[in-house]
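Just so it is clear: chains get the letters A, B, ... in the order the sequence lines come, proteins before strands, and each one is counted from 1.
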Amino acid sequence: MANRNTVTRFAPSPTGYMHIGNLRTALYSYLIARHGGGTFILRIEDTDRERLVEGATDVIIKTLADVGLRYDEGPGVGGEHGPYVQSERREIYKKYAEELVARGAAYYCFCTKERLERLHEEDENGGYDRHCRDLSPEEVKKNLEAGIPYVIRQKMPTEGVTSYVDEVFGEISTENAELQDQILLKADGYPTYNFCHVVDDHLMGVTHVVRGSEYLTSTPKYALLYDAFGWPRPHYVHLPLLMGRGEDGTVSKLSKRHGAVSFQDLVAAGYLPEAILNYIALLGWCPKESENEFFTLSELEALFTIDGVSKSPSVFDYEKLLWFNGEYIRRLPFPKFCELATPYLPADLPKALDKDKLLSLLAGRVSCFSEIGEKVAFFRELPAYDVSLFPNKKNKVTPELAPTLLAAAEEALSAISVWDNDTLFTVLSSVAEAAGVKSGAIFWCVRIAVSGKTVTPGGATEIMEVLGREESLARLAAARAKF
RNA sequence: GGCCCGUUGGUCAAGAGGCUAAGACAUCGCCCUCUCACGGCGAAAACAUGGGUUCGAUUCCCGUACGGGUCACCA
């Protein structure tokens with residue numbers, strides 16, 4: 001049973017997809033909780049009403065389920081600190097915002113958006129001029145009664161320094177003069193992230209706030225909020241960002257222009273959830289024993305500690321993900337491989353074709369399921385190819401030798417009726433012997449003849465076995481006719 | 001631009017004052033092999049820079065450069 005000594009949360013806003021950087025944050029947050037036998041909470045931060053996306057929460061829940069990140073409290077599973085969707089907690093935020101005003105740590109602001117825009121035009125780096133900070137209680141009361149729209153702003157100290165200790169980055173200090181009187185409660189009555197996450201984290205008993213390092217510099221403002229309420233500050237765990245490399249070689253926050261960056265895009269592209277999870281676990285964290293790179297979720301739960309988290313951002317490397325994926329695919333039990341690979345086979349493969357044998361050739365040669373279509377295309381239809389493919393130095397095949405070998409192979413193969421790999425191998429080997437060439441020479445020519453390619457999933461005889469007698473012989477004859 | 005953070009091979013990274021500076025991906029070579037892949041062996045490849053501190057700095061401190069983040073009624 002989960003304890004509450006360590007309580008973490010994953011608090012995404014429902015955008016409609018799960019960014020891989022977000023997924024890693026969820027993973028680390030989960031691992032920190034689980035490592036201590038603690039509680040992991042899912043909370044949906046949907047306070048931006050203009051960016052609401054239908055069904056987005058389901059995507060988040062499904063993704064977490066797909067990778068095995070089970071949460072103890074949250075939408076769908078409940079808990080004692082709910083509701084876990086911020087839009088359902090509006091009265092709570094309003095109450096606490098007003099309490100902050102009463103405590104003198106926040107104030108009503110009646111400035112219009114037009115005024116703020118004008119301010120920004122006059123001085124781009126100026127920020128809000130605190131126009132309403134010192135309104136008299138009478139003025140506030142009058143405006144409120146007149147129904148003038150308002151926001152509630154946090155009253156920042158104007159001098160001194162605020163600092164906190166981050167578990168990854170160490171002490172972070174900020175001059176209070178740098179801090180803006182940020183908005184806590186918007187005019188539409190919804191709170192801003194800056195406010196509600198603090199209220200929720202406190203109310204939900206979150207002990208470790210785990211999030212991306214883009215929050216590193218705004219955290220002093222949040223710490224001040226805890227102080228104003230008289231609440232104990234949580235531990236902060238900021239994570240290094242995940243970067244992508246652009247075509248021009250520059251790196252920046254991983255985004256769509258870097259390729260598939262959402263979990264579901266990656267899965268759709270043929271990556272296994274376990275491989276994705278394993279790979280991203282290692283982006284920004286390294287176990288004490290750093291030789292092994294393969295970890296299951298439960299192994300990670302046992303191993304993960306915050307001091308293994310790195311400070312510097314890491315570049316997402318699709319090559320290495322592909323390698324991990326290949327490793328995971330190769331470790332799949334064959335039936336499982338078939339189940340996952342079959343949807344990627346072209347729908348219009350010849351009926352006679354032995355799909356099981358084809359899949360057995362593919363298993364072990366596939367790093368990503370999306371490669372399958374291209375790899376097996378020649379089974380469906382022989383691609384156009386040129387006789388210049390035949391000459392090959394390593395196998396000692398000359399332009400003159402090729403047609404001779406093809407003719408010999410065709411003759412020998414049309415004489416047999418048993419059509420399995422062993423028989424084909426034996427027959428072709430003896431053809432090679434009779435012709436006085438190394439066996440590689442004949443296999444090389446036959447492979448090209450039946451596939452139109454020099455690189456195929458499986459050897460020449462394996463391909464022919466799958467292709468079947470009739471089609472194989474037809475392709476052999478066609479090849480011979482090219483000369 | 002102000003503020004904050006970071007900087008070990010192309011990439012992920014170990015290292016936590018004294019090491020021939022791990023390992024993995026990618027690259028290249030050799031072997032295995034009916035091609036490719038897998039597997040095995042091997043090669044090339046790094047402590048951004050200038051000052052300190054120290055008997056000794058990749059490791060500690062300061063500056064510089066470069067990179068990133070952040071400055072919303074978005075989260």
Check every strand shown and say whether A:Cys111 touches a base, only sugar-phosphate, or nothing at a heavy-atom separation below 4.0 Å. base

Tell me if a side-chain donor or acceptor on A:His19 pairs with a main-chain N or O of A:Leu254 at a distance below 3.5 Å. yes

If you assign each of A:Arg153 and A:Thr250 to its closest nucleotide in RNA chain B, which residue comes earlier from the 5' end? A:Thr250

Please state the P separation for the pair B:rU20 and B:rU35 - nearest whole angstrom. 43 Å

Per the atom types in the model, does the base of B:rA24 pair as donor or acceptor with the side chain of A:Lys320 at under 3.5 Å? yes

With a non-hydrogen cut-off below 4.0 angstrom, is A:Tyr279 in contact with a base, only sugar-phosphate, or nothing? nothing

Is A:Ser314 near enough to B:rA13 that one of its side-chain N or O atoms lies under 4.0 angstrom from OP1 or OP2? yes

Below 4.0 Å: OP1/OP2 of B:rA75 and any side-chain N or O of A:Arg51: no

For B:rA75, take OP1 and OP2 only and decide whether either is under 4.0 Å from a side-chain N or O of A:Lys186. yes

Is there a side chain to side chain contact (heavy atoms under 4.5 Å, CB included) between A:Met464 and A:Arg475? Walk through the geometry before answering. CA-CA 10 Å; A:Met464 284 196 290; A:Arg475 291 186 181 191; over 6 Å; no

As its Watson-Crick or G-U partner within any shown strand, both distances under 3.5 Å, B:rG6 has B:rC66

Taking atom types as they are modelled, is there a donor-acceptor pair under 3.5 Å from the base of B:rC34 to the side chain of A:Thr461? yes

Report which part of the nucleic acid A:Gly458 touches: base, sugar-phosphate, or nothing (heavy-atom distance under 4.0 Å, all strands). base

Across the strands shown, which category fits A:Ser173 at heavy-atom distances under 4.0 angstrom: base, sugar-phosphate, nothing? sugar-phosphate

Under 3.5 Å, is there a donor-acceptor pair between the A:Tyr190 and A:Arg49 side chains? yes

Would you say a side-chain N or O of A:Lys253 is under 4.0 Å from OP1 or OP2 of B:rU70? yes

Describe the nucleic acid contact of A:Ile442 in one word from base, sugar-phosphate, nothing, applying a heavy-atom distance below 4.0 Å. nothing

Within the 4.0 Å heavy-atom criterion, would you say A:Asn194 contacts the bases, only the backbone, or no part of the nucleic acid? base

So does A:Arg330 reach the base of B:rC38 with its side chain, donor to acceptor, closer than 3.5 Å? no

So is A:Lys256 actually on top of A:Tyr17's ring, under 6.0 Å and inside 45° of the axis? yes

A:Glu319 has its side chain closest, among B:rC34, B:rA26, B:rU11, to B:rA26

Would A:Asn143 and A:Tyr150 count as having a side-chain donor-acceptor pair, cut-off 3.5 Å? no

Using a heavy-atom cut-off of under 4.0 Å over every strand shown, decide if A:Val446 touches base, sugar-phosphate, or nothing. nothing

Taking any heavy-atom pair under 4.0 Å as a contact, classify A:Gln86: base, sugar-phosphate, or nothing. nothing

Tell me whether the OP1 or OP2 atom of B:rA75 has a side-chain N or O from A:Thr47 closer than 4.0 Å. yes

Could you check whether A:Ser439 gets within reach of a base, just the sugar-phosphate, or nothing at all, counting any heavy atom under 4.0 Å? nothing

Checking B:rC74, B:rU35, B:rG23 against the side chain of A:Asp48 (C-beta onward), the nearest is B:rC74

By nearest-heavy-atom nucleotide on RNA chain B, the more 5' of A:Pro287 and A:Phe169 is A:Phe169

Between B:rG10, B:rC73, B:rC34, which nucleotide has the shortest distance from any of its atoms to the side chain of A:Ala187? B:rC73

Under 4.0 Å: is that the gap between some side-chain N or O of A:Lys394 and OP1 or OP2 of B:rC34? no

Among B:rA75, B:rC5, B:rU35, the one nearest any side-chain atom of A:Ile172 is B:rC5

Describe the nucleic acid contact of A:Tyr215 in one word from base, sugar-phosphate, nothing, applying a heavy-atom distance below 4.0 Å. base

Between A:Arg245 and A:Asp317, does any side-chain N to carboxylate O distance fall below 4.0 Å? no

